[in-house]
Amino acid sequence: ELAGVRPGFRPDGRSFARALEGSRWRGPPGVLLEYVGDPHLPRWWAVRTRDLVYIETADGTRELYDLTGRLGPADPYQLDNRADHRRYRAAQERLAALLEELRSANAGRR
């Protein structure tokens, strides 16, 4: 978009060009991350917000990290999984729903 070029396909994601140009831009509530897996790590999906990251793996594991200390001690290196901690219950439910919403929307683009 910044270069004035239009691709011959529908781009995956949204343009940040207005934000880079200094205009006020409101992005999505979270960013979908996905890893297809390999023989050593299972497939996983995550949603990243400004403060938190929530991950679900194909084997059923759930992880939640408080990057900025929004609800507890800051964990920017994602070392302390807070999934299922009482203090994070509402945040985990909200992020799980957002992850499902983003995954569904992304599946419709394929």
Side-chain angles (χ1 to χ4, degrees):
E1 185 175 347
L2 290 171
V5 177
R6 290 185 177 230
F9 57 90
R10 183 177 176 186
D12 185 23
R14 295 174 60 182
S15 173
F16 291 90
R18 284 190 271 151
L20 295 172
E21 293 170 339
S23 298
R24 186 163 177 87
W25 182 82
R26 181 172 167 84
V31 176
L32 175 68
L33 307 168
E34 181 176 12
Y35 177 66
V36 297
D38 64 32
H40 306 287
L41 293 171
R43 184 173 189 170
W44 57 261
W45 302 265
V47 62
R48 167 73 159 79
T49 66
R50 169 179 275 185
D51 302 307
L52 304 166
V53 79
Y54 174 73
I55 305 161
E56 292 182 357
T57 65
D59 67 5
T61 302
R62 290 174 174 18
E63 300 175 30
L64 177 66
Y65 299 100
D66 190 344
L67 305 173
T68 62
R70 179 174 181 182
L71 300 172
D75 184 21
Y77 301 111
Q78 300 178 25
L79 301 174
D80 184 16
N81 181 6
R82 306 214 179 118
D84 301 321
H85 284 206
R86 184 177 308 144
R87 178 181 288 176
Y88 291 89
R89 185 171 292 137
Q92 182 169 333
E93 290 173 2
R94 180 179 54 81
L95 291 173
L98 178 58
L99 178 59
E100 182 59 32
E101 178 184 326
L102 293 171
R103 285 179 62 190
S104 296
N106 193 49
R109 292 183 179 182
R110 294 179 186 178

For the residue pair Ala96 and Glu56, what are the closest heavy atoms and their distance? CB-OE2, 4.0 Å
Members other than Leu102 in its cluster, when Ile, Leu, Val, Met, Phe, Trp, Tyr link by side-chain heavy atoms under 4.5 Å? Leu32, Trp45, Val47, Leu52, Tyr54, Leu64, Leu71, Tyr88, Leu95, Leu98, Leu99
Contact summary for Thr49 and Pro29, nearest pair of heavy atoms: CG2-O, 3.4 Å
OH-CG distance between Tyr77 and Leu67, expressed to the nearest 0.5 angstrom: 11.5 Å
Given a cutoff of under 4.5 Å between side-chain heavy atoms of I, L, V, M, F, W and Y, with clusters grown through shared members, what are the other residues clustered with Val36? none
Test of understanding: with side chain to side chain donor-acceptor pair (under 3.5 Å), list the residues that count as partners of Glu101, not counting sequence neighbours. none
Determine the minimum heavy-atom distance between Gln92 and Ala83, stating which atoms define it. OE1-CA, 3.2 Å
Quick one: do Arg62 and Ile55 satisfy side-chain contact (heavy atoms from CB on, under 4.5 Å)? Show the steps, please. CA-CA 6 Å; Arg62 290 174 174 18; Ile55 305 161; over 6 Å; no
Residues in salt bridge (Lys or Arg N to Asp or Glu O under 4.0 Å) with Asp66, at least two apart? Arg82
Verify, without hydrogens or angle tests, whether Ser104 (side chain) and Glu100 (backbone) share a donor-acceptor contact under 3.5 angstrom. yes
Asp38: side chain to side chain donor-acceptor pair (under 3.5 Å) partners, not counting sequence neighbours: Tyr35
Counting C-beta onward and ignoring hydrogens, is there a side-chain heavy-atom pair between Thr57 and Arg43 closer than 4.5 Å? no
Show the nearest heavy-atom pair for residues Asn81 and Glu63, with the distance to one decimal. OD1-CA, 3.2 Å
What I'd like to find out is whether the side chain of Trp44 reaches to under 4.5 Å of the side chain of Leu33, using heavy atoms alone. yes
Residues in side chain to side chain donor-acceptor pair (under 3.5 Å) contact with Asp51, at least two apart in sequence or another chain: Thr68
